[in-house]
Amino acid sequence: MKSYLAAAIQMTSVSNLQKNLAQAEEFIDLAVRQGAELIGLPENFAFMGEENEKMAQAGAIAQETEKFLKTMAQRFQVTILGGGFPVPVDETSTRVYNTALLIDPNGQELARYQKVHLFDVNVPDGNTYRESTTVMAGKELPAVHYSRELGNIALSVCYDVRFPELYRYMAHKGADIIFVPAAFTAFTGKDHWQVLLQARAIENTSYVIAPAQTGINYARRQTHGHAMIIDPWGVILADAGEQPGVAIAEINPARLEQVRRQMPSLQHRVFV
Ligand SMILES: O=C(O)CNC(=O)[C@H](CS)NC(=O)CCC(=O)C(=O)O
């Protein structure tokens, strides 16, 4: 594994696929110009809007988004994580998988993950979320992609971050870098987002890369922002704040090794 720069992109995606992909392209370009080789896009980067609008376009969103990720990875010669976009379960189904896709610089698919934990929550700010009305829950544990160059990369999406057993599994499988692309609500995010991400980094002595949605996306939906990259000690290396932009930081195998030597908690596990 080498030292390199990673980027967590922060966007305000809206209910317009072309507009979102254009914004994503701008930020990928910006991240590449700053030297990033591994780049993550947030959950719902391709489309964020009313569920019925999303479902009406799901087939097109899935197709164009996958093509977009492959084109970007090849054009810029980087590895890209597309952090959660709708992919129809099958041709006849009325539901989608909330899918995260990792693409290499040749445009090849390295890993695919279907969000397991769906956000069916009445948030105390008055917003009601029922992700399961349109999304089919994935049934597989998260994918870990083994890379000698970039380190072992594991995928998760948003609400998953509240389920530590998922991340323990990734650690058990040898993960070095954990992606948590998200569209966290502003209300839960202000108290939980950073704490949960730091906990996942610290307890698994792994890097956490968390691309995020920010601002007002549509109607009353406001997202928290603070896309960030956290090191295996839990130190926040970069935080995108509240405006759309890019958080960039170094992924360093020597740091990973050092932290795992200083805090060998993964070796002291008793139950999992
Ligand atoms: O509904 C939208 O338009 C955007 N949100 C999403 O797509 C997803 C599923 S509803 N959001 C989350 O998982 C938020 C989790 C979260 O905020 C928490 O765990 O606190």
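First listed ligand is number 1; within each ligand, the first listed atom is number 1. The figures that follow rest on heavy atoms only: side chains count, while hydrogens, waters and symmetry mates do not.
- Close approach of ligand 1 to Asn44 (heavy-atom distance below 4.0 Å) involves ligand atoms 4 (C), 5 (N), 6 (C), 7 (O).
- Both the backbone and the side chain of Phe184 come within contact range of ligand 1, each with a heavy atom under 4.0 Å.
- Taking atom 8 (C) of ligand 1 as the reference point, the nearest protein heavy-atom neighbour is Glu43 OE1, 3.4 Å.
- When only non-hydrogen protein atoms are considered, atom 17 (O) of ligand 1 lies nearest to Thr185 N, 3.0 Å.
- Checked against a 6.0 Å centroid threshold, the rings of Phe163 and Tyr167 do not count as neighbours.
- Near Arg221, the atoms of ligand 1 lying under 4.0 angstrom from a non-hydrogen atom of the residue are 1 (O), 2 (C), 3 (O).
- A cation-pi arrangement is absent between Lys70 and Phe68 under the rule of less than 6.0 angstrom and at most 45 degrees off the ring axis.
- Of the protein's heavy atoms, Arg162 NE, 2.7 Å lies nearest to atom 19 (O) of ligand 1.
- Under the 30°/60° scheme for interplanar angles, the aromatic rings of Phe184 and Trp193 are found to be tilted.
- In summary, the side chains of Gln213 and Asn44 do not present any donor paired with an acceptor at a separation below 3.5 Å, with no hydrogens or angles considered.
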* Asked: How far apart are the C-alpha atoms of Ile28 and Ile80, what are their side-chain angles, what is the distance that settles it, and do they pass the side chain to side chain contact (heavy atoms under 4.5 Å, CB included) test?
  -> CA-CA 9 Å; Ile28 292 167; Ile80 300 186; 4.1 Å; yes

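- Between Lys2 and Pro253 the shortest heavy-atom distance is O-CD, 3.4 Å.
- The contact set between ligand 1 and Tyr129, taken as ligand atoms under 4.0 Å from a residue heavy atom, comprises 1 (O), 10 (S).
- Listed by number with element, the atoms of ligand 1 under 4.0 Å from a non-hydrogen atom of Thr188 are 16 (C), 17 (O), 18 (C), 20 (O).
- Between the side chain of Arg200 and the backbone N or O of Leu197 there is no donor-acceptor pair closer than 3.5 Å.
- Side-chain N/O atoms of Tyr159 and Asn98 include no donor and acceptor closer than 3.5 Å.
- Counting protein heavy atoms only, atom 3 (O) of ligand 1 is closest to Tyr218 OH, 2.6 Å.
- At a 4.0 Å heavy-atom cut-off, ligand 1 touches Met48 through the side chain alone.
- For ligand 1, one of its N or O atoms has an N or O atom of Lys115 under 3.5 Å away.
- Of the polar atoms of Glu51, none of the N or O atoms is found under 3.5 Å from an N or O of ligand 1, judged by distance alone.
- Panel note: side chain Gln10, backbone Gln243; a donor-acceptor pair is recorded below 3.5 Å.
- Taking every non-hydrogen atom of Cys158 and a distance limit under 4.0 Å, the qualifying atoms of ligand 1 come out as 11 (N), 12 (C), 13 (O), 14 (C), 15 (C).
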